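Here's the structure we're looking at; comments come further down.
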Protein chains: 2
Amino acid sequence: MDIVSLTPHGRRLTALLVRADDPREKERWALPHDVPRRDETIDEAAVRIERAALGAPPGLLEQLAAFGDRRRHPSNAHVSIGYIALVASGSDGPVADQAAWYPVDELPAIAPRQRSIVEAAMQAIRARLDQSPIAFRLLPPTFTLSQLQEIYELLLGRRLHKASFRRALHASWLVEPTDEWRSEGRGRPAQLFRYAPRRRRGSRRGVRFEGVSGSLGG
Amino acid sequence: MDIVSLTPHGRRLTALLVRADDPREKERWALPHDVPRRDETIDEAAVRIERAALGAPPGLLEQLAAFGDRRRHPSNAHVSIGYIALVASGSDGPVADQAAWYPVDELPAIAPRQRSIVEAAMQAIRARLDQSPIAFRLLPPTFTLSQLQEIYELLLGRRLHKASFRRALHASWLVEPTDEWRSEGRGRPAQLFRYAPRRRRGSRRGVRFEGVSGSLGG
DNA sequence: ACGAATTAGTCACAAAGTGCGACTAATGTC
DNA sequence: GACATTAGTCGCACTTTGTGACTAATTCGT
């Protein structure tokens with residue numbers, strides 16, 4: 001099992017790496033990984049591994065996929081189960097010994113299978129961004145809408161229009177305002193919001209044919 | 001590894017089950033399953049298991065997820081990797097010995113973990129319907145647009161409006177007409193189409209907050 | 001032969017959703 | 001007090017979507 005822990009660091013997304021167990025290994029860093037014990041579920045194992053590396057439980061932990069190509073893995077396991085962990089930007093302080101955050105687009109040498117897991121994690125995050133409260137788990141409990149928009153722009157890799165973003169957010173009933181305001185130095189103070197999803201009237205839209213093109217196994 | 005093979009049978013979706021290895025088992029049927037060999041990737045293992053059960057390679061085979069709760073599995077394995085196989089409706093003829101198609105909403109007794117894998121497969125199919133050419137792999141190489149719409153309605157569990165469906169399909173450039181027509185008894189003959197995705201101008205829409213509500217691990 | 005029934009396919013319009021420029025608001029800086 | 005800076009809203013053109021009503025081509029019944 002391999003965990004891809006992500007947290008925003010400034011304007012970049014960073015992943016948590018730990019030093020390789022064996023210093024003679026070719027790759028000096030690795031994703032936190034371990035084998036599930038007999039008495040735990042894989043979700044429980046993921047929590048345990050993440051706690052060991054991060055020192056605290058993550059804001060969200062969800063399964064990515066299983067990886068069983070022939071690429072090398074630090075444990076030489078035949079198959080890995082990848083998990084994505086999201087850590088709020090405020091809580092990215094001290095991590096475990098022998099661990100460090102690296103920008104996801106500038107990782108040091110890690111085992112090939114782990115690199116492909118990180119790449120798959122980034123793709124999955126973009127794909128699930130509108131299905132799962134991913135962006136909110138990368139922020140502290142209360143945040144400004146500009147912060148939220150920045151996270152979306154970071155994950156999507158493109159700029160969003162302020163008015164459209166807020167209109168869509170309002171229509172979705174995902175956040176509610178607090179009565180606190182933050183002044184971040186210069187400029188007008190921003191209202192703080194919290195993630196508080198409400199029941200929405202199911203819109204029941206028609207069919208979409210979004211990303212369909214080709215596929216494996218045809 | 002467990003394979004959920006699906007094919008439409010009339011107006012219902014059916015899954016392929018095989019007789020349990022051990023007749024003393026509580027559940028007499030099971031999803032096709034096996035352990036990957038040392039020299040094969042998990043994708044290769046999935047193809048092998050599916051061929052053994054179906055007698056032919058499926059139209060599409062993609063990974064679902066890993067399942068490692070404590071529920072019972074015929075092999076007593078600690079974790080299962082679920083795969084989804086899609087079989088065209090034309091080719092659902094003879095299957096391997098000791099195998100049969102059952103409607104997914106009326107499965108006989110199978111191991112609890114396998115039942116949850118089937119349920120997860122159905123959810124994943126609905127979620128990926130607009131990302132992956134799922135519907136096309138449940139149909140023969142050429143098909144009418146009404147057949148295609150029927151598949152979508154079967155998978156989504158609701159009726160779609162004919163004009164909207166066709167408009168969206170045309171805009172997506174996923175199908176091209178052949179010069180054949182099929183007359184299916186009564187009514188006007190329908191033109192046959194084939195799945196032939198073309199490069200589309202990327203629409204780059206704004207953000208959607210579709211299915212975000214709650215989640216695990218908070 | 002001819003009309004009803006049946007299935008395929010299209011059109012047009014109202015309603016809803018989206019992109020985006022331009023505006024107002026509240027703060028710090030000089 | 002003017003100005004830079006960030007927050008937040010408005011309005012409008014344009015696009016997308018839901019839907020009913022239409023036309024088209026065939027079989028079936030009499």
Side-chain angles (χ1 to χ4, degrees), chain A residues 10-11 129-130 139 142-154 156-194 200-212, chain B residues 10-11 129-130 139 142-154 156-194 200-212:
Chain A
R11 296 230 173 203
L129 195 53
D130 56 346
L139 287 172
T142 67
F143 46 84
T144 70
L145 297 189
S146 295
Q147 281 182 298
L148 182 61
Q149 184 175 343
E150 255 185 42
I151 294 287
Y152 270 91
E153 293 178 343
L154 182 65
L156 292 172
R158 63 194 168 94
R159 305 273 307 163
L160 298 173
H161 192 273
K162 185 172 46 161
S164 303
F165 179 79
R166 287 168 188 232
R167 193 203 300 137
L169 188 60
H170 261 96
S172 73
W173 293 94
L174 288 178
V175 296
E176 67 181 17
T178 69
D179 44 7
E180 290 180 89
W181 295 73
R182 169 184 302 166
S183 66
E184 195 76 59
R186 47 202 158 284
R188 170 175 168 176
Q191 189 166 17
L192 288 177
F193 287 76
R194 86 165 56 87
R200 275 168 293 153
R201 41 187 182 282
S203 50
R204 294 292 104 198
R205 307 289 294 276
V207 209
R208 303 285 165 78
F209 305 92
E210 305 266 287
V212 189
Chain B
R11 296 227 172 205
L129 196 53
D130 57 345
L139 288 172
T142 67
F143 46 83
T144 69
L145 297 190
S146 295
Q147 281 183 297
L148 182 61
Q149 185 176 341
E150 255 185 42
I151 293 288
Y152 271 91
E153 293 178 343
L154 182 64
L156 292 172
R158 62 192 169 97
R159 308 270 307 160
L160 299 173
H161 193 275
K162 186 172 47 161
S164 303
F165 180 80
R166 285 166 191 233
R167 193 204 297 136
L169 188 60
H170 261 96
S172 71
W173 293 94
L174 287 178
V175 297
E176 69 182 15
T178 68
D179 43 9
E180 290 179 90
W181 295 72
R182 168 184 304 165
S183 67
E184 195 77 55
R186 48 207 158 281
R188 171 174 167 176
Q191 190 165 17
L192 289 176
F193 287 77
R194 86 165 54 86
R200 274 168 293 154
R201 41 190 183 284
S203 50
R204 293 296 102 199
R205 307 287 294 275
V207 208
R208 303 287 165 79
F209 303 93
E210 305 266 289
V212 188

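Only heavy atoms go into these numbers, but all of them, side chains included; no hydrogens, no water, no symmetry mates. Everything numeric here is computed off the predicted structure, so don't read it as measured data. Quick note on labels: first sequence line is chain A, next is B, and so on, each numbered from 1.
In the set dG9(C), dG8(D), dT18(C), dG9(C) carries the atom at the smallest distance from any side-chain atom of L145(B).
Evaluation of the salt bridge (charged side-chain N to carboxylate O under 4.0 Å, His left out) test over residues 157-172 of chain A, restricted to residues two or more places apart or in two chains, returns E153(A)-R159(A).
For the contact set between residues 164-173 of chain B and DNA chain D, defined by any heavy atom under 4.0 Å, the members are S164(B), R167(B).
One can place CZ of R205(A) at 12 Å from P of dT16(D), the figure rounded to the nearest angstrom. If you measure from atom NE2 of H161(B) to atom C1' of dA15(C), you get 14 Å, rounded to the nearest angstrom. Between Q147(A) atom CD and dA7(D) atom P there is a gap of 9 Å when expressed in whole angstrom units. Atoms CH2 (W181(A)) and C1' (dT6(D)) sit 13 Å apart, rounded to a whole Å. dT18(C) atom P lies 13 Å from atom CG of L160(A), rounded to whole Å. One atom, CZ of R159(A), and another, C1' of dG19(C), lie 15 Å apart when rounded to the nearest Å.
R208(A) pairs by the side-chain contact (heavy atoms from CB on, under 4.5 Å) definition with R205(A), E210(A), D130(B), R208(B), not counting sequence neighbours. L192(A) pairs by the side-chain contact (heavy atoms from CB on, under 4.5 Å) definition with T142(A), T144(A), T178(A), E180(A), R182(A), not counting sequence neighbours. A search for side chain to side chain donor-acceptor pair (under 3.5 Å) contacts involving Q191(B) returns nothing, not counting sequence neighbours.
For A163(A) and T144(B), each mapped to the nucleotide of DNA chain C holding its nearest heavy atom, the one lying further toward the 5' end belongs to T144(B).
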Per-nucleotide protein contact string for nucleotides 25-30 of chain D, where B marks a base within reach and S marks sugar-phosphate only (heavy atoms under 4.0 Å, - for neither): BBS---

Step-by-step side-chain contact (heavy atoms from CB on, under 4.5 Å) determination, F193(A) to L169(A): CA-CA 12 Å; F193(A) 287 76; L169(A) 188 60; over 6 Å; no

F143(A) vs I151(A), side-chain contact (heavy atoms from CB on, under 4.5 Å): CA-CA, chis, key distance, verdict: CA-CA 11 Å; F143(A) 46 84; I151(A) 294 287; over 6 Å; no

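Using a 4.0 Å heavy-atom criterion, one finds that R208(B) contacts the sugar-phosphate atoms exclusively.
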